[in-house]
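Shown next, in structure tokens, is the structure this report addresses.
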Number of protein chains: 2
Amino acid sequence: MHFSNLINSIKERREMLKVTQETLAELSGVGLRTLKQFESGKGNPTAETLHKLADALGMELTFQVKKTTPE
Amino acid sequence: MHFSNLINSIKERREMLKVTQETLAELSGVGLRTLKQFESGKGNPTAETLHKLADALGMELTFQVKKTTPE
DNA sequence: TTTAATAGTGCATTATAACGCACTATTTTA
DNA sequence: TAAAATAGTGCGTTATAATGCACTATTAAA
């Protein structure tokens, strides 16, 4: 897939907060295996998983109308 | 789950564009059954499904740091 | 360096998302 | 109204997400 943006948001935010995968897994309630898989760019996480991670990181998952390419 | 915000974004955007579920299903490549299920508040869509729908609607799925002003 | 901590992978199991089909329910239109 | 269009559901199948375990790889600290 092409969720690199989502993946990077999660990973960057986690690292900025100096939290390990293990800790984030515990905080969010997402399995460590699942988080590892996700951060290493594999898989296709469900909204629930994304939501749990976002929550633990003080973030939120949103749909936005795409900017009309401001050149 | 509690993705009412995501669900509503999709639904509102679709209706604003006067597109039926059937048409959106075709445009996005998401099965009609899946879209119906999603819009009726059931299930736990994958990032891929969310992405396909967002794409077809000219939207994007993003993680954002939560605003610290929930007054 | 060596060691400890953290990150990433292979495998197997279980739960469930995605799906089509055939149907009912609701909403819109003539 | 009636009928046509659109939305929502039950059921069964298939594909795969989530998970734990045990391992290897990489990175940071002593």
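Proteins get letters first, then strands, A, B, ... in listed order; numbering begins at 1 in each.
- At the heavy-atom level, Lys52(B) lies nowhere under 4.0 Å from the strands shown.
- Following rounding to the nearest Å, Ile7(B) (CD1) and dG8(D) (C1') show an atom-to-atom distance of 14 Å.
- In terms of position along DNA chain D, the nucleotide closest to Gln37(B) lies nearer the 5' end than the nucleotide closest to the other residue of the pair Thr46(B) and Gln37(B).
- Using a 4.0 Å heavy-atom cutoff across all strands shown, Thr20(A) reaches sugar-phosphate atoms only and no base atom.
- Contact check on Glu48(A) versus Lys52(A) returns a salt bridge, with a Lys/Arg side-chain nitrogen under 4.0 Å from an Asp/Glu carboxylate oxygen.
- Here the closest heavy-atom approach between residue Glu39(B) and residue Gln21(B) is recorded as OE1-NE2, 3.2 Å.
- Per the geometry, CD belonging to Glu48(A) stands 15 Å off P belonging to dA17(D), to the nearest Å.
- Straight-line distance from the CG atom of Asn44(B) to the P atom of dA18(D): 8 Å, rounded to whole Å.
- Atom NZ of Lys42(A) and atom C1' of dG8(C) are 7 Å apart (whole Å).
- Side chain of Thr49(B), nearest nucleotide from dA18(C), dG8(C), dG8(D): dA18(C).
- Looking at heavy-atom distances under 4.0 Å, Lys11(B) makes contact with sugar-phosphate atoms alone, never a base.
- In this entry the distance linking CG of Leu32(B) with P of dA22(C) reads 14 Å, nearest Å.
- Between the CG atom in Leu61(A) and the OG atom in Ser9(A) there is a gap of 10.0 Å [rounded to 0.5 Å].
- Leu35(B) has its CG atom 9 Å from the P atom of dA7(D), to the nearest Å.
- Nucleotide dT9(D) holds its C1' atom 18 Å from the CZ atom of Phe38(B), rounded to whole Å.
- Of all the heavy atoms in Ile10(B) and Ala54(B), the pair that sits closest is CD1-N, 4.4 Å.
- Taken together through direct or relayed side-chain contacts under 4.5 Å among Ile, Leu, Val, Met, Phe, Trp and Tyr, Leu57(B) and Val19(B) form part of one hydrophobic cluster.
- Map Ala47(B) and Lys36(B) each onto its nearest nucleotide of DNA chain C; the residue landing nearer the 5' end is Ala47(B).
- Residue Arg33(A) places no side-chain atom within donor-acceptor reach of the base of dG8(C), judged by atom type and a 3.5 Å distance cut-off alone.
- The side chain of Glu39(A) approaches dG8(C) more closely than any other nucleotide in the set dA17(D), dG8(C), dA7(D).
- Nearest nucleotide to the side chain of Val30(B), out of dC19(C), dG8(D), dA18(C): dC19(C).
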